[in-house]
Each structure stands twice: as C-alpha cells, then as structure tokens.
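Written out below as structure tokens is the structure these notes cover.
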Amino acid sequence: MISTDVMFEVVGEASSGLEGLQLAPALAPDIVLIDLNMKELDGLETLRRFKAGDLQARFVVLTVSDAEDDLLEALRAGADGYLLKDMEPEELAASLKKIMSGMTVIQDRLTEVLKQALQELGNKPLQLAPEQVALTEREQEILQCLADGLSNKAIARRLGISDTTVKVHVKHVLSKLRLTSRLEAAVWAHKQK
C-alpha cells in the first residue's frame, strides 16, 4: 500500500522486532512502522528500544488493536503515530505525511478512546501545583511543545536546538514535574491553562 504513493519508498522489511532493530540503522529510514504483535519482541518493547537508540526516525504503531491500554502504552513509549491496519491506502499515506511533518497522528476513530483516557488521567490529583515547579524558560518552551504534541525532532527544529538537547530538556521537565511520560506532561500543561 505504501509503495503505491510516489512520496514513499519502502527501504526494508523485518519479520520481527529484533530483526527490525538490527536492520534499521543501516537502512536509516525516515519512518519505522511497528506492529504490536510480533514474534520474539513485542511492538511496545521494540518501540522503547528504538527510542532509547540513536535512530533519527518517526515511529508509528500500525496495528489491529484499538484497545485503550495499547494506545496509551504506545504513546507513553514515544510513538509518533497510532494507526489501524484497516485504514484506506490514501488515508494511511496522508497520515504518514502528517507524521513526517512533525505531527503526532492518531487514527480518527481512536480520538474518543484517547479523550476518555485523558479525562480519567485529568481527574487524578495533579502531581505538583504550578507554583511548586521551577522550570527554566527553555523548559517551559519544551513543555509547551510537548503540549502541542511535537516530537523531539520537531521541537529541535522549532527551537533551533539539537535532538540530543531536546531529550535532556524533556528528561528535566519530567523529573521536575514528577511525571513519567510526555503524555502526562502534555495533560499537566493543558490543565494549567
């Protein structure tokens, strides 16, 4: 399906998460599609290992699962998109183009699932009140970028800094807010408005 769009070239395929982790560095793809259900290493662990590595790519979960837990875990692990395999080819290509532009894309029919999850998360008491958090000006900018759903690469472009610097700032923001994921930081930022 992807090869039919002239904007894309499939540079490689892997039959498992481990094989994908081994092949990707040499292939240097711009986008890595990851299924949740794979032999040897599941998709979430594969995603976590990719995110912990140096590959500069966008990571998209492409799966049959519309379960809330899978969606949230993928976003917590750093997925840049969460798409379902039953989507039309044109819709898949359009979603991948948005992801390449720096957006985080979740298939439309999953937005209600995400909304419910965010509301449940939002109803929990805040970890810290804004006056208890001393973020630097740069960390505040990073937090706003997280709230806007930007990837590290997109944040780096917006702020004119390196991806590595973004990673360091994100870690500091999460630590200062006593949060564990970008999603929680985005929710926290939105609750302050």
Side-chain angles (χ1 to χ4, degrees), residues 1-2 14 16-18 20-21 31-53 57-128 142-155 167 170-171 173-175 177-193:
M1 283 173 34
I2 295 167
S16 70
L18 285 176
L21 287 162
I31 298 179
V32 176
L33 300 179
I34 303 171
D35 194 351
L36 289 180
N37 300 309
M38 296 186 290
K39 61 183 180 183
E40 298 175 14
L41 196 65
D42 71 27
L44 290 173
E45 184 57 30
T46 301
L47 175 58
R48 288 185 192 102
R49 291 189 188 185
F50 268 125
K51 295 298 281 189
R58 304 284 283 160
F59 300 97
V60 181
V61 172
L62 182 63
T63 182
V64 296
S65 174
D66 58 3
E68 177 183 313
D69 288 348
D70 288 337
L71 171 61
L72 292 178
E73 280 305 309
L75 292 174
R76 284 188 187 107
D80 298 300
Y82 193 98
L83 306 173
L84 299 177
K85 289 183 177 181
D86 63 356
M87 63 194 315
E88 295 298 322
E90 302 79 26
E91 188 184 358
L92 175 61
S95 295
L96 293 177
K97 288 172 189 171
K98 286 180 186 176
I99 290 165
M100 281 309 301
S101 75
M103 294 176 66
T104 298
V105 177
I106 298 166
Q107 189 152 350
D108 288 346
R109 78 175 202 229
L110 295 175
T111 54
E112 192 60 32
V113 172
L114 184 59
K115 178 183 170 189
Q116 286 296 119
L118 288 174
Q119 286 174 339
E120 289 168 17
L121 186 60
N123 289 334
K124 292 180 182 174
L126 290 175
Q127 305 290 356
L128 292 171
I142 296 286
L143 180 60
Q144 182 56 54
C145 290
L146 293 176
D148 292 341
L150 298 180
S151 67
N152 285 354
K153 194 178 263 187
I155 293 171
K167 285 181 184 178
V170 169
K171 282 182 185 174
V173 168
L174 293 178
S175 175
L177 295 177
R178 298 183 193 159
L179 300 173
T180 57
S181 74
R182 301 165 70 96
L183 177 61
E184 288 178 349
V187 170
W188 190 91
H190 283 293
K191 293 280 279 185
Q192 307 318 309
K193 293 186 177 179

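The structure presented is a predicted model; accordingly, all values stated were derived computationally and were not measured.
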Inset, instruction - Taking Asp148 for its side chain and Leu150 for its backbone only, find out whether a donor-acceptor pair lies under 3.5 Å. - result: no
Inset, instruction - Answer whether the closest heavy-atom distance between the side chains of Gln107 and Ser95 falls below 4.5 Å. - result: no
Legend entry - Lys39 versus Ser16, closest heavy-atom pair with distance: O-CB, 3.7 Å
Legend entry - Rounded distance [0.5 Å steps], NZ in Lys167 versus CD1 in Ile155: 12.0 Å
Inset, instruction - Indicate yes or no: at least one non-hydrogen side-chain atom of Thr46 is less than 4.5 angstrom from one of Val32. - result: no
Legend entry - Closest contact, heavy atoms only, Leu146 versus Ala186: O-CB, 3.6 Å
Inset, instruction - Could you tell me whether a side-chain N or O of Thr63 sits under 3.5 Å from a main-chain N or O of Asp35, the two making a donor and an acceptor? - result: no
Legend entry - Heavy-atom check, side chain of Leu21 versus side chain of Leu41, under 4.5 Å: yes
Legend entry - Test log, rule side-chain contact (heavy atoms from CB on, under 4.5 Å), inputs Val60 and Ile34: CA-CA 6 Å; Val60 181; Ile34 303 171; over 6 Å; no
Inset, instruction - Report yes if some heavy atom in the side chain of Leu71 is under 4.5 Å from a heavy atom in the side chain of Ile106; otherwise report no. - result: yes
Inset, instruction - Answer whether the closest heavy-atom distance between the side chains of Tyr82 and Leu36 falls below 4.5 Å. - result: yes
Inset, instruction - Would you check if Leu83 and Leu92 make a side-chain contact, meaning some heavy-atom pair closer than 4.5 Å? - result: yes
Legend entry - Test log, rule side-chain contact (heavy atoms from CB on, under 4.5 Å), inputs Leu72 and Leu183: CA-CA 9 Å; Leu72 292 178; Leu183 177 61; 3.9 Å; yes
Inset, instruction - Over all heavy atoms of both residues, which pair between His190 and Ala147 is shortest? Give the atoms and the distance, please. - result: NE2-O, 3.0 Å
Inset, instruction - Mind checking the CG-CG spacing from Leu75 to Leu47? Nearest 0.5 Å is all I need. - result: 9.5 Å
Inset, instruction - For residues Arg49 and Leu18, report the shortest heavy-atom separation together with the two atoms involved. - result: NH1-CD2, 3.8 Å
Legend entry - Spacing of SG belonging to Cys145 relative to CG belonging to Leu143, to within rounding of 0.5 Å: 9.0 Å
Inset, instruction - Answer whether the closest heavy-atom distance between the side chains of Val64 and Leu84 falls below 4.5 Å. - result: no
Inset, instruction - Determine the minimum heavy-atom distance between Ile99 and Gly81, stating which atoms define it. - result: CD1-CA, 3.9 Å
Legend entry - Euclidean distance, Leu33 CG relative to Leu96 CG, rounded to 0.5 Å: 6.0 Å
Inset, instruction - Identify the two heavy atoms, one from Ala57 and one from Ile31, that lie closest to each other, and give their separation to 0.1 Å. - result: CB-N, 4.5 Å
Inset, instruction - Determine whether Arg182 and Asn152 make a side-chain contact, defined as any pair of heavy atoms from C-beta on separated by less than 4.5 Å. - result: yes
Legend entry - Ion pair check, Arg48 and Glu73, cut-off under 4.0 Å: yes
Inset, instruction - Identify which one of Lys153, Lys98, Arg58 satisfies the side-chain hydrogen bond (donor to acceptor under 3.5 Å, both in side chains) criterion when paired with Asp80. - result: Arg58
